[in-house]
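Down below is the structure, laid out as structure tokens.
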Amino acid sequence: MVFNSSIRYVDGSLRIDDVAVAAIAREVGTPTYVYSLKRIGANYERLREAFAPLAGQIHYSVKANGSLAVLRSLAAAGAGFDCVSAGEIDRCVRAGARAEDIVFAGVGKTRAEIAFAVSQGIGWFNVENLAELSYINNAAAAMGADAVKVALRLNPQVTANTHPYMATGHGAAKFGLTADAVGEILTRTSDFSRLDFAGIHLHVGSQLGDTAATLTALDAALELVAGHPRVRTINLGGGLPVAYRFGDEQPSLGGLVSQLDSRLRGYEVLLEPGRSIVADAGVLVAEVLYVKRQAGQVFTIIDASMSELVRPALYDAHHEVAPLRKTIGETVRAQVAGPVCESADVLARDRQLPRLQAGDRVALLTAGAYGMSMASNYNARPRPAEVVVSESGAEWRVSRRRESFDDLARFEK
Ligand code: LLP
């Protein structure tokens, strides 16, 4: 059975590229995130090629997975980076990114973060309110920086087809500037002598079910900038969906690109994909601790929880469960739950799974995006180890060791 070009069963054993996941789990323990750098590279290349007709740059959205090993691999492949904090910018610089390939976005940048970003000489600021423009302008003046590129983020007031927590472009969302505000700012750009108002930024949501909201937003943006020839760059944000369920199809990129191409001739196009580059390259490996039959249900209690992977609890998100050793035969309807003291700590509900026993290991699939990056220490759980399988697919290494109790106590006195 093949999940994607890197993650599949070979002779009944789950592999990531050439490496048996069970071998990693034996050495590193569980819970552990494992990522295929080969699959991450392939996803990046697939997007780069598909969007090549639009001739823009891809800024990988660091929030999806900010592991240094992942950032280094993408930087070496030529990717740029979309950051939402000074901390993310710092990680990208450490990973070898060029400052001009970094975009700084976010609805609440502090003045210190803005100063840090200007001092690094990053490529773009995606701007979400008027006062922020003054802060960037002042920081640039103080540091002698000129022509700092800004993209005004338009809130196009369209509701994207996705989970309400992931829709960002509707009128009630905190994100972006209204069309009126963008129009207003574009008439007074001379107030900000250090800024180059070269772009418009859009991001209507994540895991988008279709392209309708993106195209509506784009049309609104193009209408808005029609009288402003200085604006030559359109940043379309992220949001490309991935297949979380067996049998889900990934939508074709070709269709989207051709819809965009006719509208965007003459513009430079930037993208900020996160999930579509890393999600299906990562799994969270866990061990079955107990199997409990109760109230007509089978609870499979594993050693991973909402502390390590919060998506099911937060968005009712679906992650497939794949045993590391494939078993054929009878299946049972089970609730795969974690040890955390919350009823929401169920990682997979009502799944038809092989009969698992204590000691068996499973992988939660498509966990490479918004997994470790959203992990917490809730219930004083040390955050898991991270392992990367190399770009060649042949070797693996621990890229982040498991946290210890000392780590958890380190900042307290
Ligand atoms: N650009 C902006 C301005 C964003 O807000 C986001 C995601 C992205 C790019 C990247 O979007 P992507 O390509 O990954 O869809 N924690 C949620 C997802 C939140 C997304 C936040 N913004 C989840 O686990 O599904």
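Counting begins at 1 with the first residue of the sequence. As the structure is a prediction and not an experimental result, all values here were calculated from the model. First listed ligand is number 1; within each ligand, the first listed atom is number 1.
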Hey, is ligand 1 close enough to [X] that some N/O pair sits below 3.5 Å?
{"X": "Ser206", "answer": "yes"}
{"X": "Gly274", "answer": "yes"}
{"X": "Gly205", "answer": "no"}

Whether Ala105 lies under 4.0 Å from ligand 1, heavy atom: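 No.
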
Can you tell me which residue and heavy atom of the protein come closest to [atom], and the distance to 0.1 Å?
{"atom": "atom 6 (C) of ligand 1", "value": "Lys63 NZ, 3.1 Å"}
{"atom": "atom 16 (N) of ligand 1", "value": "Tyr315 OH, 2.6 Å"}
{"atom": "atom 14 (O) of ligand 1", "value": "Tyr370 OH, 2.6 Å"}
{"atom": "atom 9 (C) of ligand 1", "value": "Glu272 O, 3.2 Å"}
{"atom": "atom 24 (O) of ligand 1", "value": "Arg311 NE, 2.6 Å"}

Parallel, tilted or perpendicular: rings of Phe3 and Phe246 (30°, 60°):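 Parallel, since the angle between the ring planes stays under 30°.
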
Plane angle bin for Tyr33 and Tyr35 - parallel if under 30°, tilted between 30 and 60°, otherwise perpendicular: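 Because their plane-to-plane angle is under 30°, the rings of Tyr35 and Tyr33 count as parallel.
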
Per-atom contacts, ligand 1 versus [X] - under 4.0 Å to a heavy atom:
{"X": "Arg153", "value": "3 (C)"}
{"X": "Pro273", "value": "13 (O)"}
{"X": "Asp82", "value": "1 (N), 9 (C)"}
{"X": "Gly238", "value": "1 (N), 9 (C), 11 (O), 13 (O)"}
{"X": "Met166", "value": "23 (C), 25 (O)"}
{"X": "Ser61", "value": "8 (C), 9 (C), 10 (C)"}

NZ/NE/NH1/NH2 to OD/OE distance under 4.0 Å, Asp360 and Arg325: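 Arg325 and Asp360: not salt-bridged.
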
Check ion pair Arg91-Glu88 (N to O, under 4.0 angstrom):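 No, Arg91 and Glu88 are not salt-bridged.
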
Aromatic contact, Tyr315 with His163 (centres under 6.0 Å):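 Here the rings of His163 and Tyr315 have centres that are less than 6.0 Å from each other.
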
Distance flag, aromatic centroids of Phe175 and His203, threshold under 6.0 Å: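 No: the rings miss the under 6.0 Å criterion.
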
Aromatic Tyr267 / basic Arg232 pairing, under 6.0 angstrom, 45° off normal: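 Positive - Arg232 is close enough to the ring of Tyr267 and near enough to its axis.
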
Ring-face cation contact, Tyr135 with Lys109, 6.0 Å cut, 45° max: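 No, cation not above the ring by the 6.0 Å, 45° rule.
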
Closest to atom 5 (O) of ligand 1 among His59, Met374, His203 (heavy-atom distance):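 That would be His203.
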
Trace of the side-chain hydrogen bond (donor to acceptor under 3.5 Å, both in side chains) decision for Ser36 with Lys38: CA-CA 5 Å; Ser36 161; Lys38 188 175 184 176; over 6 Å; no

Residue of the set Val321, Val332, Leu356 for which side chain to side chain contact (heavy atoms under 4.5 Å, CB included) holds with Thr300: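 Of the listed residues Val321, Val332, Leu356, the side chain to side chain contact (heavy atoms under 4.5 Å, CB included) partner of Thr300 is Leu356.
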
